[in-house]
Amino acid sequence: MANVIHLLPDAVANQIAAGEVVQRPASVIKELTENSIDAGATNIKVVVRDAGRSLIQVTDNGCGMSEYDARLAFERHATSKINQAIDLYSLQTMGFRGEALAAIAAAAQVELFTRKADQELGVHIEIAGSKVMKQEPAATNVGSQFCVKNLFYNLPVRRRFMKSDTVEMRYINTEFLRVALAHPDISISLTSNNTLVYNFVGGNKKQRVAAVAGKALSDKLLPVEAETSLVKISGFVGMPETARKGSADQYFFVNNRFMKHPYLQKAIVDAYKNLIPENLTPAFYIYFTIDPQQVDVNNDPQKIDVKLENEAAIWPILNAAVRDCLGKYNVMPSFDFDTDSSIVIPTYVENKNTPPSYNPFEREKEEQWIPDDEDEVKPLRTSYSGGFGGGGFMKSKIGGWEQLYPSHMNAPDVPIVQSQTIPSEHNNEEAQLFTADELAHLADDAVFIQFKGRYIVTNTPAGLIFIDQHRAHERVLYNTLENGLKVSTFPSQRLMFPEKVTIGAEDACVIEEMSAELARVGLEVQYESDSGLLSVSSIPAIMQHSDVHTIIRTFIYDYKNGELDVQKDLMSYVMRTMAGQSALPYGRQLSQAEMKSLYQKLFEGESPQLTPNGKRVYNFLNVSDINAMF
């Protein structure tokens with residue numbers, strides 16, 4: 001039988017390696033910029049076209065390469081950093097496996113111009129699909145310039161699986177910002193389709209973090225510093241009010257290398273305990289300096305999942321450093337004494353009708369007195385051992401209550417009569433048989449009560465109906481949006497002064513992808529790359545009292561976390577989000593007319609029983625249920 005085992009050709013092996021190292025255009029940018037950093041570059045320029053499909057160009061002013069090194073760099077496992085296995089545990093540089101250039105050259109058409117400072121001429125190399133097409137001397141600047149064209153041109157399956165330009169550009173922005181934050185001393189820029197996206201000037205960590213985070217967030221960052229024999233920690237954390245959903249604005253760096261570390265992330269979240277809601281996470285930019293021998297970055301091709309030898313010991317150090325930072329800047333929960341739930345301590349107002357012998361502390365002899373709104377002193381309701389949670393309705397003093405009921409003092413013992421259920425006009429099942437139209441007509445003679453700033457309570461022939469005011473308004477707004485789209489007209493309101501929302505270029509790509517659908521519902525936006533602001537020029541009429549900033553950030557968060565499929569349900573999602581964010585908040589006091597209007601609009605519209613997200617809007621308390629309480 002013939003032998004079946006054989007070695008793969010180098011070109012095929014390189015294409016397989018490309019699948020691990022080069023997942024998308026962002027991976028190419030990561031590898032090439034890290035190579036530039038290792039070459040000692042102080043200025044790096046990144047240019048992309050069509051989100052990296054057509055062109056990725058990285059130019060640096062590093063040390064450059066000789067003709068021999070330039071050619072050898074494209075071979076697999078060619079590296080200048082590893083001579084023996086032990087060198088893996090003392091790495092200070094970025095790329096070290098020697099697979100990146102070989103993998104890139106196997107999946108694209110690559111041009112390299114490079115020159116060392118002590119040479120008059122540089123070298124020009126062209127490689128396509130791992131095959132060297134040209135190698136010749138060339139006049140070029142000191143440093144290196146890589147041009148990667150037509151990525152995955154020879155791997156059509158991989159090319160088809162690439163996302164839209166907007167999505168790929170978002171990944172590029174993410175990788176670019178990680179590199180920029182890890183090396184604040186390097187000037188670095190990103191240009192996309194002849195538009196300058198980022199241009200960071202070399203400086204210190206504070207300046208780079210401020211440039212990346214934007215003014216809105218950078219003004220609310222607090223410095224973190226800690227140094228022990230095990231680790232040195234520096235960086236910044238956000239004030240509690242900057243906490244958001246998701247993992248945006250969360251960066252860990254170890255020895256100037258970006259890393260993901262969920263375990264250490266919990267140390268920071270724990271420091272914010274009782275300061276922020278559980279579903280939110282704080283912003284942070286944390287830099288670790290650790291002995292390279294205690295750091296293992298050789299876990300995956302992307303070198304992002306980093307292992308730390310003493311992470312269990314670093315956890316409390318990081319937690320304590322963040323707690324100390326928050327305490328030093330007096331970041332602690334405060335009490336709001338202006339809310340309805342605050343404790344009201346009545347003050348005694350002297351009244352001429354008050355008996356001279358009045359003692360408010362002698363409960364058994366005298367009544368309690370408190371002033372009302374008209375400064376008239378009235379007796380306070382006293383308590384008794386009956387129902388209603390101990391709250392009675394008698395205005396007499398506790399002592400001498402028998403004088404109120406003299407006819408019962410000498411009455412014989414009366415046997416206890418079991419309570420009877422009074423038959424109701426509608427039982428529990430019948431209450432559910434009311435149609436929405438019938439409930440809507442009941443509003444004409446109904447009286448509405450707002451309970452706890454959350455529920456609207458009114459009477460029906462079957463009993464009481466409790467309506468969640470926020471969810472009811474959410475359903476009404478969604479129906480309004482949906483009906484407006486059916487007739488192809490939707491009222492929008494142009495803002496005299498456009499709203500400005502601070503977002504990064506990565507988030508701008510998300511908004512750009514859904515801008516057409518946003519415009520259909522009357523939300524017109526335009527990203528200003530120079531200032532990093534999203535300008536909102538018009539909004540739907542129903543959003544005139546809404547928080548535009550919250551709605552925009554909700555769109556971005558849900559899109560990034562996979563809760564939104566742009567191709568399938570973008571319009572429905574936009575309407576649900578706008579309705580939910582624009583609906584009446586809990587605690588908003590409503591007048592009788594407002595409650596009646598909301599009630600009527602709810603039951604005159606479609607699906608009044610549920611919100612667009614499937615939550616219950618109202619519930620019945622039938623007469624039979626009320627009678628059963630007694």
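When the ring pair (Phe, Tyr, Trp, His ring centres under 6.0 Å) test is applied to Phe176, the partners found at least two apart in sequence or on another chain are Tyr198. Looking at residues two or more places apart in sequence or on another chain, you find no side chain to side chain donor-acceptor pair (under 3.5 Å) involving Asn199. Taking the side-chain contact (heavy atoms from CB on, under 4.5 Å) definition, one finds that Asn613 meets it with Glu474, Arg576, Thr611, sequence neighbours left out. Under the rule for a side chain to side chain donor-acceptor pair (under 3.5 Å), Arg471 has no partner lying at least two apart in sequence or in another chain. With sequence neighbours excluded, no residue forms a ring pair (Phe, Tyr, Trp, His ring centres under 6.0 Å) with Phe161. In this structure Arg323 satisfies the side-chain contact (heavy atoms from CB on, under 4.5 Å) test together with Asp270, Ala271, Asn319, sequence neighbours excluded.
In this structure a side-chain-to-backbone donor-acceptor pair under 3.5 Å is missing from Asn256 to His183. Thr42 contributes no side-chain N or O that, together with a main-chain N or O of Ile186, makes up a donor-acceptor pair within less than 3.5 Å. The backbone N or O of Thr195 sits nowhere less than 3.5 Å from a side-chain atom of Asn193 that would complete a donor-acceptor pair. Within the 3.5 Å criterion, the main-chain N or O of Lys30 finds a donor-acceptor partner in the side chain of Thr33.
Here the CG-CD1 distance, from Leu326 to Ile268, works out to 10.0 Å after rounding to the nearest 0.5 Å. The CE atom of Met239 sits 14.0 Å away from atom CD1 of Ile276, with the distance rounded to the nearest 0.5 Å. Remark: Asn35 CG to Asp60 CG distance equals 9.0 Å, nearest 0.5 Å. Separation of atoms CG (Asn43) and OG1 (Thr59) is listed at 9.5 Å; rounding is to 0.5 Å. Note that NZ of Lys45 is 13.0 Å distant from OG of Ser36, once rounded to the nearest 0.5 Å. One finds the CD1 atom of Ile290 at 7.0 Å from the CG atom of Leu230 (value rounded to the nearest 0.5 Å).
Within a 6.0 Å sphere centred on NZ of Lys116, heavy atoms belonging to other residues, nucleotides or ligands number more than 12. When the shell of 6.0 Å around NZ of Lys500 is examined, it contains more than 12 heavy atoms from other residues, nucleotides or ligands. No more than 12 heavy-atom neighbours from other residues, nucleotides or ligands sit within 6.0 angstrom of CZ on Arg49. Around atom CG of Asn194, no more than 12 heavy atoms belonging to other residues, nucleotides or ligands sit under 6.0 Å away.
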- Steps toward side chain to side chain donor-acceptor pair (under 3.5 Å) verdict (Thr140, Gln145): CA-CA 9 Å; Thr140 184; Gln145 181 184 86; over 6 Å; no
Point to revise | CA sep, side-chain torsions, deciding dist, call: Arg257, Glu34, salt bridge (Lys or Arg N to Asp or Glu O under 4.0 Å) | key: CA-CA 10 Å; Arg257 182 191 301 274; Glu34 288 183 349; 5.1 Å; no
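Val209 has its side chain out of reach of Tyr251: every pair of non-hydrogen atoms, C-beta onward, lies at least 4.5 Å apart. Contact annotation: the side chain of Pro498 never approaches that of Val536 to less than 4.5 Å [non-hydrogen atoms, C-beta and beyond]. Proximity of Val295 to Leu308: side-chain heavy atoms (C-beta onward) are separated by under 4.5 Å at one or more points. Side chains of Phe284 and Val322 form no contact here, defined as non-hydrogen atoms less than 4.5 Å apart. Between Met65 and Ser144, some side-chain heavy-atom pair lies under the 4.5 Å cut-off. With contacts defined as side-chain heavy-atom distances shorter than 4.5 Å, the pair Arg208/Tyr285 does not qualify. For the pair Thr191/Leu196, a side-chain contact is recorded, criterion being any heavy-atom separation below 4.5 Å from C-beta on. Inter-residue side-chain proximity for Ile172 and Leu190 is flagged as met; some heavy-atom pair is nearer than 4.5 Å.
Ring planes of Tyr263 and His261: tilted class, angle from 30 to 60°.
Each of Glu225, Lys205, Glu227 was checked for a side chain to side chain donor-acceptor pair (under 3.5 Å) with Ser234, and the lone residue meeting it is Lys205.
The two atoms that bring Phe152 and Val22 nearest to each other are CZ-O, 3.5 Å, heavy atoms only.
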